[in-house]
Amino acid sequence: MRTPKQDGFHMPAEFAPHAGTIMIFPERPGSWPYDAEPALQSLIPIWKAITQEENLYLLVSDRNDQKALSILKENNLDQVHLLQIDQNDAWARDTAPIFVINQEKTEIRGIDWRFNAWGGDYDGLYADWEADNQLAGAFCAAMQIPCYDAQHFVLEGGSIHADGQGNLMTTEACLFSPGRNPDLTKSQIEAILCEYLGADHVIWLPRGIFNDETNEHIDNICAFIRPGEVVLAWTDDKNDPQYALSNACLSVLEHENIRVHKLPIPEHPICITEHDLKGYVFEPGEDVREIGERLAASYVNFYFTNRSVLLPQFGGENAKSDETAVSILQSLCPDRTIIPIPARNLLLGGGNIHCLTQQIPYFLGGKL
């Protein structure tokens, strides 16, 4: 079987032009408290922002297609492309296809990795993930996009970042997790990443965000904003458990001659409250939350659209931290509009804006 690299395809950077974005309608009661109503209040402005700049493909199961249609109509979002594709949860970053493009930018292809709910039987977050595992192939089939079969390798989109010029970033904590590909060596993992994503070099950051239940995805700790330049989640508080993790990443990035911009995490930890907990309905085998549990809050979990940056905001006692994040990102991305998105209700699901989105690269013609 040929690989994308053999065929002249590579993964573009997220900050490169998009043809569209994939998202998934929230349904899982163990992720989205109170029938996902609070989460929808954050998702609707995301949908609106994306549709102002690019196509939005919203996947929904037949159980909730009428509910989704009604919400889209109420919010004047008739231009959203609604696709009936079953799934187990809303994390499009990890279950939708990762797309690669040829050098001429005339064709895109998808990659269908194996998904096992962030750890499978070892430490996966729910017991049944088969619909999620089939989602990438189903989307490519529905849109008639050629798709590479990479089901021999467990990978989530949130565990990698690409600069579009041959460099990938990931974390050792995630890709070396026993629940991913325990029989493969580091060099074997690198070879697969480079062959399927058209890369030449992998930057291994040791850790991610403290208490990140994905085994510390890269998209919560560090992101390319242009080739050779990143933002890194940071805290100056040496008593915060995040300090050591971010400091270890900084050392690697400096050794790689990457220009680093520090993006402070929220000053005050965001934790599960009693009210939050009452809204969940957990299934057998699902990771259960607890009152006081610290969530993996990070402003690095933003999403580039074609002209904007959708930036998480946590509100309340973190209002000042929110303002700082907006200011830093605006200075680093002067040609883009920073769109603040109230995101605590997304964080309750275990991730944030970047985790819920997957970009489709622009190609000549630009139509799927």
Side-chain angles (χ1 to χ4, degrees), residues 1 3 11 22-24 26-32 59 61 85-99 110-141 147-161 168-186 188-193 195-197 202 204 207-209 211-221 282-289 296 301 349-352 354-358:
M1 181 179 67
T3 67
M11 181 183 176
I22 302 171
M23 297 188 69
I24 302 170
E27 301 182 22
R28 190 177 189 85
S31 294
W32 308 108
L59 314 188
S61 72
I85 295 178
D86 199 15
Q87 32 68 32
N88 301 109
D89 209 344
W91 306 111
R93 177 62 49 178
D94 295 341
T95 59
I98 293 174
F99 294 95
I111 304 174
D112 180 11
W113 309 95
R114 185 155 62 95
F115 177 79
N116 69 354
W118 308 278
D121 294 333
Y122 180 78
D123 61 353
L125 299 182
Y126 42 77
D128 179 11
W129 55 80
E130 188 53 36
D132 277 348
N133 187 42
Q134 294 179 10
L135 187 147
F139 180 85
C140 287
C147 188
Y148 291 97
D149 183 352
Q151 282 279 321
H152 61 287
F153 188 77
V154 176
L155 188 79
E156 307 97 36
S159 69
I160 56 166
H161 259 305
L168 290 175
M169 280 195 305
T170 189
T171 67
E172 294 176 347
C174 179
L175 264 63
F176 294 165
S177 163
R180 298 302 199 289
N181 302 285
D183 297 329
L184 298 181
T185 65
K186 181 178 183 179
Q188 289 172 325
I189 292 172
E190 281 193 1
I192 292 171
L193 292 176
E195 279 298 318
Y196 278 84
L197 298 172
V202 180
W204 292 92
R207 299 297 301 271
I209 287 290
N211 219 28
D212 185 343
E213 60 195 9
T214 65
N215 302 112
E216 301 175 24
H217 271 182
I218 190 71
D219 68 351
N220 245 356
I221 184 74
F282 298 107
E283 297 177 353
E286 189 168 11
D287 190 53
V288 177
R289 302 205 179 281
N301 208 282
N352 221 301
H354 194 263
C355 306
L356 293 162
T357 51
Q358 179 61 270

query = Looking only at heavy atoms, what is the nearest atom pair of Ala90 and Pro26, with distance?
reply = CB-CA, 4.1 Å
inquiry  = Once rounded to the nearest 0.5 Å, what's the spacing between atom CG of Leu193 and atom CD of Glu195?
reply    = 10.5 Å
key: Side chain proximity check, Leu135 to Phe115, heavy atoms < 4.5 angstrom   = no
ask   = Is there a side-chain contact between Ile22 and Phe99 (heavy atoms, below 4.5 Å)?
value = yes
inquiry  = Applying the side chain to side chain contact (heavy atoms under 4.5 Å, CB included) criterion to Gln87, which one of Gln134, Glu27, Arg28 satisfies it?
reply    = Glu27
message = When you compare the side chain of Phe282 with that of Arg289, does any pair of heavy atoms fall below 4.5 Å?
response = yes
request  = Could you go through the side chain to side chain contact (heavy atoms under 4.5 Å, CB included) check for Ile160 and Met11 one step at a time?
outcome  = CA-CA 11 Å; Ile160 56 166; Met11 181 183 176; 3.9 Å; yes
task = Assess whether side-chain hydrogen bond (donor to acceptor under 3.5 Å, both in side chains) is satisfied between Asn133 and Gln151, documenting all intermediate values.
result = CA-CA 9 Å; Asn133 187 42; Gln151 282 279 321; 3.1 Å; yes
request  = Locate the shortest heavy-atom distance separating Gly157 from Asp94; write the atom from each residue and the value.
outcome  = N-OD1, 3.5 Å
task = Please name the pair of heavy atoms, one in Gly179 and one in Asn116, separated by the smallest distance, quoted to 0.1 Å.
result = O-ND2, 2.8 Å
key: Steps toward side chain to side chain contact (heavy atoms under 4.5 Å, CB included) verdict (Trp118, Glu156)   = CA-CA 8 Å; Trp118 308 278; Glu156 307 97 36; 3.8 Å; yes
key: Trp32/Asp89 under side chain to side chain contact (heavy atoms under 4.5 Å, CB included): CA gap, chis, key distance, verdict   = CA-CA 9 Å; Trp32 308 108; Asp89 209 344; 3.1 Å; yes
task = Find out whether His217 and Asp212 are in side-chain contact, i.e. whether some heavy atom of one side chain is under 4.5 Å from a heavy atom of the other.
result = yes
note = Taken to the nearest 0.5 Å, the spacing of Leu59 CG from Phe139 CZ works out to 6.5 Å
query = Is any side-chain heavy atom of Leu155 less than 4.5 Å from a side-chain heavy atom of Ile111?
reply = no
query = Taking all atoms of both residues into account, what is the closest heavy-atom pair of Gly349 and Trp91, and its distance?
reply = O-CZ2, 3.1 Å
Approximate separation, where rounding is to 0.5 Å, of Asp112 CG and Phe153 CZ = 14.0 Å
key: Heavy-atom closest contact (Ile85 atom, Ala138 atom, distance)   = CG2-CB, 3.9 Å
ask   = Which pair of heavy atoms, one from Ala92 and one from Gln358, lies closest together, and at what distance?
value = O-CB, 3.7 Å
inquiry  = Counting C-beta onward and ignoring hydrogens, is there a side-chain heavy-atom pair between Thr171 and Arg207 closer than 4.5 Å?
reply    = no
query = Looking at OG1 of Thr357 and CD1 of Ile24, how far apart are the two atoms once the value is rounded to the nearest 0.5 Å?
reply = 10.5 Å
task = Give the intermediate values and the outcome of side chain to side chain contact (heavy atoms under 4.5 Å, CB included) for residues Ile192 and Asn181.
result = CA-CA 11 Å; Ile192 292 171; Asn181 302 285; over 6 Å; no
request  = Starting at CZ of Arg180, measure out to CG of Leu175 and round the result to the nearest 0.5 Å.
outcome  = 7.0 Å
ask   = For the residue pair Trp113 and Tyr148, is the inter-centroid distance of their aromatic rings smaller than 6.0 Å?
value = no
task = Check whether any side-chain heavy atom of Cys355 sits under 4.5 Å from a side-chain heavy atom of Asp219, and report yes or no.
result = yes
query = Nearest 0.5 Å, what's the CZ-CG distance between Arg114 and Asp132?
reply = 14.0 Å
key: Side-chain heavy-atom pair Ile189, Val202 within 4.5 angstrom cut-off   = no
